[in-house]
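Keep in mind that what you see is a predicted model, and the values were worked out from it rather than measured. Labels below follow one simple rule: chain letters A, B, ... track the order of the sequence lines, proteins then strands, and each chain is numbered from 1.
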2 protein chains.
Amino acid sequence: MRRGHCHRHGADQPCTCAMGNLYRFVEPLALYLLKKRGQTHGYELIGALREQALTDSTIEPGALYRTLRRLEESGFVSSTWDIAASGPARRVYELTELGEQHLQEWVIVLGHLAESLAGFVSEARDLFPSTSS
Amino acid sequence: MRRGHCHRHGADQPCTCAMGNLYRFVEPLALYLLKKRGQTHGYELIGALREQALTDSTIEPGALYRTLRRLEESGFVSSTWDIAASGPARRVYELTELGEQHLQEWVIVLGHLAESLAGFVSEARDLFPSTSS
DNA sequence: TATTATAAGTGTATAATACACTTAGATGGC
DNA sequence: GCCATCTAAGTGTATTATACACTTATAATA
């Protein structure tokens, strides 16, 4: 997306697309959804991510599938093929013990980030004269 | 930095370095500092960024200099050379009108992100049994 | 039989970061 | 005068994350 032009969300208000590539937090979101749902497959997570996204950009299927692959290589999730269900075979993922720990680490890191961002936003707002009232 | 190993912050608690490449928010931080300080040069901003960083990783000189260059190409800042001061010549930056608007957009976007992150962290914490008490 | 929904990807370009390295002016110690 | 150090502004290049398009294949439905 070219900076300053967002065709998806219009010109009503600035959105992450128009600000360049913002981190989408695919990894912690995937770990969180796996923890919450127990077992799931990628395609189902794609739907869940449409409602969970932390920015106003949606997370792409490609990004999710690659992230799941990497999480498995790192030992944070394990997968098995489900060929019993109707439709194409599903690769069913599950959090490992290590993955649970990793999610908890993400929660700590993102907690700090949320606080820092809130503080920054508050300080930055003070630099501009209030337009309301 | 290899994931899971942070030589800078030790093993006391998870840090952004060990979680992979997290967005460092160099652009909004630079815009904010320029708004706050009026006129500054890159080297001074590097020092300021050491105290303002939103993650526990410091922002690198290389990233800042490239960001300032890009901001100028986009018309968000303007620069002039200061050869009067002692030492090597300084490229002195200043926010433009467009840059002020862009900073305000960043504040809106990061405000939303801070809220989303705080909500996510809160929901994720609920998935783990409390260890305290 | 053709279309659509489901499911899991790959290809490839751009963008952000990580770490190392370079260039060059000024200052202070010897 | 010479060398180390501080100041200032970069560049080189590899890795990681994202963006968007595209492919493959199974099953259900019209």
For nucleotides 20-26 of chain C, print each protein N/O atom paired with a nucleotide N/O atom at under 3.5 Å, atom names and distance only.
none

[X] [atom1] to [N] [atom2]: how many Å, rounded?
X: B/Leu64; N: D/dA9; atom1: CG; atom2: P; answer: 9 Å
X: A/Ile59; N: D/dT18; atom1: CD1; atom2: P; answer: 8 Å
X: A/Arg90; N: C/dG9; atom1: CZ; atom2: P; answer: 14 Å
X: A/Glu27; N: D/dA17; atom1: CD; atom2: P; answer: 7 Å
X: B/Leu54; N: C/dT17; atom1: CG; atom2: P; answer: 11 Å
X: B/Leu71; N: C/dA16; atom1: CG; atom2: C1'; answer: 14 Å
X: B/Arg70; N: C/dT17; atom1: CZ; atom2: P; answer: 9 Å
X: A/Leu68; N: C/dA8; atom1: CG; atom2: P; answer: 9 Å

Keeping the roles fixed (side chain from [X], backbone from [Y]), state whether a donor-acceptor pair exists under 3.5 Å.
X: B/Thr67; Y: B/Val26; value: no
X: B/Ser122; Y: B/Ala118; value: no
X: A/Thr55; Y: A/Ser57; value: yes
X: B/Thr40; Y: B/Leu34; value: no

Query raised in the report: Heavy-atom distance under 4.5 Å between the side chains of A/Tyr23 and B/Phe25, does that happen here?
Result: no
Report task. May I ask you to test the A/Ile59-A/Leu29 pair for a side-chain heavy-atom distance under 4.5 Å? Result -> yes
Query raised in the report: Looking only at side-chain N and O atoms, does B/Arg24 come under 4.0 Å of OP1 or OP2 in C/dA18?
Result: yes
Report summary line: Per atom distances to the A/Arg91 side chain, the nearest of C/dG9, D/dT18, D/dA9 is C/dG9
Requested in this report: Could you let me know what D/dA30 is paired to, Watson-Crick or G-U wobble, both distances under 3.5 Å, or none if it's on its own?
Outcome: C/dT1
Requested in this report: Using the side-chain hydrogen bond (donor to acceptor under 3.5 Å, both in side chains) rule, pick out the option among B/Glu72, B/Arg90, B/Glu94 that qualifies with B/Ser79.
Outcome: B/Glu72
Query raised in the report: Hey, are A/Arg66 and A/Glu27 close enough for a salt bridge, meaning a charged N less than 4.0 Å from a carboxylate O?
Result: no
Query - Plane angle bin for A/Tyr43 and A/His41 - parallel if under 30°, tilted between 30 and 60°, otherwise perpendicular - result: parallel
**Report entry** Interface residues of residues 32-48 of chain A with DNA chain D (non-hydrogen, below 4.0 angstrom)
**Finding:** none
